[in-house]
Enquirer: 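Please find one structure pasted underneath; my questions will follow.
First the proteins, then the strands, lettered A, B, ... as listed; each starts at 1.
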Amino acid sequence: MQIATWNVNSIRSRLDQAIAWLQSRPYIDILCLQETKVSDADFPLTAFTELGHFVYIYGQKSYNGVALIARQELTSIRTGFSSLLTDVAPELESQKRLISGVIADVRVINIYVPNGSAIASEKYEYKLKWLALLKSYLQEALKQEKNILICGDINIALEDIDIHDPSDRATKVMASDIERAALQEILDLGFKDVFRKFQSDDGYYSWWDYRAGSFRRNHGWRIDHHYLTADLYDRALSCEIDISPRKNPQPSDHTPVIVEL
DNA sequence: ATGGCTTCAGAATGAAGA
């Protein structure tokens, strides 16, 4: 089984690239998309369904938005925190950042974690609240299902080796101690970063800023992840960052990450 | 570098991303 995650930075702008990439990767069972940036009514469904894929979407106009593109029909689709939690604050439910479904014996939870803008900003506080709520959500999910795969644009680099230049990382969003601690609390529920099962070196990234020739110079960050519960982690056969789509004309600033179970 | 690009929405001396 292969699961991929890719922040496409607008599915309508990246539609041809997403289709071409899926066609070049016929064994991907689920492609988890983030930042689709489109309302459900305007999602380009037919491009995928014509290829025989099943499409599950949870989007909004302009910002955010997540989707599952699956080779087989998925079961038990859930969207938003309210699918498992009660009394979710409206501001944490209104941004469409979470969709999940079940394939075989695995629940795949696709998330787009808020960026946070800048440390101590209102958006940073929102990110921390969102992560705390995600922890509660995952505690509920783990009561029901043992095998869970979380993937997506996590917008946090947990280790210095995940950043091309960590020298001032403590002052930057995505690598501050508080964000790392919030993510570590989630991992401590029983999840492991499967990329590090296979690769312990630095220099492997999933996002490069559009500006300043960052990709050409490999000035990137590893912020797109697959986090697996114990049995899935043991079962994992590979985890690959495919940098080829980042080389396309008019690329997303993120590139896909694929795990094989 | 207070920014370098890119997207969306809608007409900004913009907002947001990361």
Enquirer: Check A:Gln144 against A:Arg78 and note the closest heavy-atom contact, atom names and distance.
Expert: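 Shortest heavy-atom contact: OE1-NH2, 2.7 Å.
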
Enquirer: Between A:Phe215 (CZ) and B:dT6 (P), how many Å, whole number?
Expert: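 Roughly 14 Å, once rounded to whole Å.
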
Enquirer: Under the salt bridge (Lys or Arg N to Asp or Glu O under 4.0 Å) definition, can you give me all pairs with a residue in residues 203-222 of chain A, not counting sequence neighbours?
Expert: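 As it turns out, the salt bridge (Lys or Arg N to Asp or Glu O under 4.0 Å) pairs with a partner in residues 203-222 of chain A, which skip direct neighbours, are A:Asp162-A:Arg222, A:Asp193-A:Arg222, A:Asp209-A:Arg211.
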
Enquirer: Can you tell if the side chain of A:His225 reaches within under 4.5 Å of the side chain of A:Arg196, non-hydrogen atoms only?
Expert: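 Result no, sub-4.5 Å side-chain heavy-atom pair not found.
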
Enquirer: Strictly below 4.0 Å: does A:Arg12 bring a side-chain N or O up to OP1 or OP2 of B:dT7?
Expert: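 A:Arg12 to B:dT7 OP1/OP2: no side-chain N or O under 4.0 Å.
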
Enquirer: Can you list the other members of the hydrophobic cluster that holds A:Tyr112, where links are side-chain heavy atoms under 4.5 angstrom apart?
Expert: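 Result for A:Tyr112 is A:Met1, A:Ile3, A:Ile30, A:Phe54, A:Tyr56, A:Tyr58, A:Val66, A:Leu68, A:Leu74, A:Ile77, A:Ile99, A:Ile103, A:Val106, A:Val108, A:Leu149, A:Val194, A:Phe198, A:Leu228, A:Leu232, A:Tyr233, A:Val259, A:Leu261.
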
Enquirer: Going 5' to 3' along nucleotides 12-18 of chain B, which nucleotides have protein heavy atoms under 4.0 Å from the base (write B), which only from the sugar-phosphate (write S), and which from neither (write -)?
Expert: ----SBB

Enquirer: Share the residues that join A:Leu31 in a hydrophobic cluster, the rule being Ile, Leu, Val, Met, Phe, Trp or Tyr side chains under 4.5 Å apart at the heavy-atom level.
Expert: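 Direct or chained contacts put A:Leu31 with A:Trp6, A:Val8, A:Ile11, A:Leu15, A:Ile19, A:Trp21, A:Leu22, A:Ile28, A:Leu33, A:Val38, A:Phe43, A:Leu45, A:Phe48, A:Leu51, A:Val55, A:Ile57, A:Ile69, A:Ile258.
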
Enquirer: Determine the contact category for A:Lys172: base if any of its heavy atoms lies under 4.0 Å from a base atom, sugar-phosphate if only primed atoms, P, OP1 or OP2 are that close, otherwise nothing.
Expert: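 A:Lys172: no heavy atom of the nucleic acid under 4.0 Å.
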
Enquirer: Can you tell whether the side chains of A:Lys96 and A:Asp40 come within less than 4.0 Å, N to carboxylate O?
Expert: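 Salt bridge flag = no for A:Asp40 with A:Lys96.
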
Enquirer: What stems, by residue range, does DNA chain B take part in, given at least 3 consecutive Watson-Crick or G-U pairs under 3.5 Å?
Expert: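 As far as DNA chain B goes, consecutive pairing (with distances under 3.5 Å) yields the stems B:5-8 with B:14-17.
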
Enquirer: Hey, which sits more toward the 5' end of DNA chain B by its nearest nucleotide, A:Ser62 or A:Ala212?
Expert: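 Checking each residue's closest nucleotide, the 5'-ward one belongs to A:Ala212.
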
Enquirer: If the cut-off is 4.0 Å, is A:Ser13 near the phosphate of B:dC8, judged by side-chain N/O to OP1 or OP2?
Expert: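 True: A:Ser13 side-chain N/O within range (under 4.0 Å) of B:dC8 OP1/OP2.
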
Enquirer: Is it true that A:Arg235 and A:Asp231 make a salt bridge, defined as a side-chain N closer than 4.0 Å to a carboxylate O?
Expert: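 Not counted as a salt bridge, because no side-chain N and carboxylate O are separated by less than 4.0 Å.
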
Enquirer: Kindly state which residues belonging to residues 126-135 of chain A come within less than 4.0 angstrom of DNA chain B, counting heavy atoms of the residue only, listed by number.
Expert: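 Residues of residues 126-135 of chain A that come under 4.0 Å of DNA chain B do not exist, since none gets that close.
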
